[in-house]
Amino acid sequence: MAKYDLYPEIKVNQYSGAWRGYPRIVEEIKKNIRKEKTIIAVESYIGVHNEEIKTNLVDALQPELEIFADDLAFDGDVITEMVKRNLTDDRVFGVMSHQTLDEFYDKGSLYQAGMQIEQAKGLVVIYGTGASLIAEADILIYADLARWECQCRYRAGGTNWKVSNEEEDPLKKNKRGYFFEWRICDRLKDNLYPKIDFLLDTNVPDDPKMISGDDYRYGLSQAVEQPFRLVPYFDASVWGGQWMKEKFQLDPDADNFGWAFDGVPEENSLYLRYGDVRVEVPALNLVHQFPNELLGPRVHSRFGKEFPIRFDFLDTMEGGNLSLQVHPLTEYIQDKFGMHYTQDESYYILDAGEDAAVYLGVKDNIKLNDMVEDLKKAQEKSEYQFPDEKYVNRFPAKKHDHFLIPAGTVHCGGSNVVVLEISATPYIFTFKLWDWGRIGLDGRPRPVHIEHGKENILLERSTEWVKENLINQIQDISENSVHKEERTGLHELEFIETRRHWLKETIELETKGSVNVLNLIEGDAALVESTDGSFEPYEVHYGETFMIPAKLGKYKITPLENETETFLGIIQAYVR
């Protein structure tokens, strides 16, 4: 059986050079210093280890003047007060910030730094978050960092920007990043994109990689000319299972892997291969710089520079139930959190045990107040179990079922099931109603949001309505001896269309003016090819999520080796 690729790369076919390790990076930077007074700015994404850059890069350059940009920003208490409304008192949810990085710097300190730089006669190095705001740089280096690495650093005791919160709840650190810090960094990064002279990959501590700005921009431009995959990441959960561990060749000694992000540009990275150097960049950079080519003009005009489709895995094989939850209605997420659209989603069942089930919708004729009171009672009294069978439908689930979950629908995946979750991208907005009385892996109670949830539970999503509208709404589109195409959803209230293809020979598909996100759901491997020779053949394997940029238009998929000798299955999602 073909192996799931844990490290998918885009091979960049032309570049001037790539450097790994601080000695080689410093040597290359020195080659680009061509006048006595040169200003170098090393702009850092929040979360970059600036002390590492100071020790290994700044000190090695031996500047006449060095300035740490973070020192010129307001202190943490002032910043916290400035973004208090965005952060809220909630453990998980905030309100999206629309501020820019320059708002958080002391103008007097900036003036003093400017005077120091003006008086300097030799090399000036400014580093840290906001370095590019201090002075116009002769050489601009952007030190980038993936969001998943940011989150791992939070868990390991890393802090948010300008605050000493090593021991704080990682969920609160993540909230500060998601709603505030990452937003201001992304806005600045977008503005700097055409000016970057060097891109510095800082994702692996003490193992930096650097490419020129031109080669970085060319690498991104090449990505939207071909199929590609994002770099997946996997994590344990209190309900986690054992299926992905086996199927994707993960650490066999790990307790479990509950979920994986395999198609979420806001979270995942891209690997760009420059000769013998592999550079990791946030996939969101690609979305921001090539939205028309990647998303398609129609999708771009509707969602802006946001990637609207998300694929991820939820594995409860030999594990437990997911939390009972509901996602916010559109007007609620707009009003409370400043988001443009909400998390409509679906569960595509990749695999299931004999007792597998999905909880979906409420029972007929229940009263919301009664349900909420029982939810609160279960949350407040450890000995009380929420009577889910009284309020929530439980439907059996089998391999290749598709359950549709428009916002406002109470739902929960049961144990012994593997879900390919196909949904809209605002993934953080899940209102947990009941978590089966569990404690999180961090030893803290798992967050539950009954007050938010009760405002979004739609009682009309009841038993018969769910059966008629949300379970296996399969429509045949076309069929012949070698190919069957079906529409599996999503619901008419959701903007994502999903098509399932069963094939024995080569088929031709269209992007339909939208980015396509696909996953090989049955069979070992397939080859994705251009209809006009515009890109190299691209091989995908079972379980892998891959992207087809909208601009590619038509493309072909051909089954490769298939041990079962049955039809190969692919799920295709796009914005309708």
Side-chain angles (χ1 to χ4, degrees), residues 88-94 169 171-172 175 237-239 258-259 314 316 319-333 335-337 342-345 347 357-395 397 403-415 417 419 421 423 426-466 470:
T88 74
D89 294 327
D90 191 273
R91 187 179 171 196
V92 177
F93 302 124
D169 180 354
L171 286 178
K172 290 186 176 180
K175 178 185 70 171
S237 175
V238 294
W239 39 259
W259 55 269
L314 305 170
T316 67
N321 294 339
L322 305 178
S323 59
L324 188 66
Q325 58 192 244
V326 68
H327 296 302
L329 301 169
T330 301
E331 58 267 30
Y332 195 87
I333 201 170
D335 182 53
K336 298 294 184 182
F337 307 112
T342 193
Q343 189 174 328
D344 294 310
E345 67 180 18
Y347 287 170
V358 167
Y359 297 78
L360 190 61
V362 295
K363 295 282 182 71
D364 294 330
N365 303 316
I366 69 162
K367 293 182 179 179
L368 181 60
N369 288 341
D370 292 344
M371 181 177 177
V372 170
E373 286 305 309
D374 273 333
L375 287 167
K376 289 181 177 179
K377 186 177 178 182
Q379 186 66 12
E380 294 164 2
K381 298 181 178 181
S382 59
E383 70 278 7
Y384 183 77
Q385 294 289 307
F386 175 70
D388 57 277
E389 70 285 348
K390 177 180 177 181
Y391 296 104
V392 184
N393 302 306
R394 185 178 186 274
F395 298 102
F403 297 86
L404 314 181
I405 314 171
T409 309
V410 175
H411 63 282
C412 171
S415 60
V417 68
V419 169
E421 192 173 43
S423 76
Y427 59 92
I428 199 172
F429 295 96
T430 296
F431 299 147
K432 293 185 179 72
L433 304 171
W434 167 240
D435 197 43
W436 316 95
R438 296 178 294 213
I439 298 296
L441 294 180
D442 59 2
R444 297 178 171 95
R446 300 242 295 162
V448 172
H449 289 90
I450 298 171
E451 292 301 317
H452 281 307
K454 74 178 183 181
E455 300 298 325
N456 292 276
I457 295 172
L458 295 180
L459 295 183
E460 58 265 35
R461 306 277 170 80
S462 57
T463 308
E464 290 307 312
W465 190 91
V466 167
L470 301 184

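All heavy atoms count here, side chains included; hydrogens, waters and symmetry mates do not.
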Min side-chain heavy-atom separation [X]-[Y] under 4.5 Å:
X    : Y    : answer
H411 : Y347 : yes
F403 : V419 : no
W436 : V238 : no
K336 : F93  : no
C412 : V392 : no
D442 : D169 : yes

Relative to each other, are the rings of W434 and F386 parallel, tilted or perpendicular (30° and 60° limits)? tilted

Going by the angle between their ring planes, with limits at 30° and 60°, are H449 and F431 parallel, tilted or perpendicular?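 Ring orientation of H449 relative to F431: tilted.
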
[atom1]/[X] to [atom2]/[Y] distance, rounded to the nearest 0.5 angstrom?
X    : Y    : atom1 : atom2 : answer
I405 : H327 : CD1   : NE2   : 6.5 Å
M371 : L433 : CE    : CG    : 6.0 Å
K432 : I450 : NZ    : CD1   : 12.5 Å
R91  : L171 : CZ    : CG    : 4.5 Å
R446 : R444 : CZ    : CZ    : 14.0 Å
L322 : T430 : CG    : OG1   : 10.0 Å

Qualifying residues under side chain to side chain donor-acceptor pair (under 3.5 Å), relative to Y391, sequence neighbours excluded: D374

Would you please name every residue forming a side chain to side chain donor-acceptor pair (under 3.5 Å) with W239, sequence neighbours left out?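 So W239 forms a side chain to side chain donor-acceptor pair (under 3.5 Å) with S237.
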
Taking all non-hydrogen atoms of both residues into account, name the closest pair between [X] and [Y] and its distance.
X    : Y    : answer
G320 : R438 : C-NH1, 4.2 Å
A407 : D344 : N-OD1, 2.7 Å
I333 : P426 : CD1-CB, 4.5 Å
K390 : I366 : O-CG2, 4.0 Å
R461 : G408 : NH1-C, 3.9 Å
L470 : P406 : CD2-CD, 3.6 Å

Test ring-ring contact (aromatic ring centres under 6.0 Å, His included) applied to F429 and H452, step by step: CA-CA 10 Å; F429 295 96; H452 281 307; 9.3 Å; no

Any luck finding a side-chain donor-acceptor pair between Q325 and S323 under 3.5 Å?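 Yes, because at least one side-chain N or O of Q325 sits under 3.5 Å from a partner of the opposite role on S323.
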
If you apply the rule side-chain contact (heavy atoms from CB on, under 4.5 Å), what do you find for L329 with T342, and how did you get there? CA-CA 7 Å; L329 301 169; T342 193; over 6 Å; no

Strictly by side chain to side chain donor-acceptor pair (under 3.5 Å), give each pair with a member in residues 360-373 just once, sequence neighbours left out. D364-S462

Using a 3.5 Å distance criterion without hydrogens, assess whether the side chain of T316 forms a donor-acceptor pair with backbone atoms of G414.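 Side chain of T316 to backbone of G414: a pair is present.
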
Pick one: which of N393, V362, L360 meets side chain to side chain contact (heavy atoms under 4.5 Å, CB included) with T463? N393

Do the side chains of K377 and E380 get close enough for a salt bridge, i.e. N-O under 4.0 angstrom? no

Verdict with reasoning, T88 to K175, per side-chain contact (heavy atoms from CB on, under 4.5 Å): CA-CA 10 Å; T88 74; K175 178 185 70 171; 4.0 Å; yes

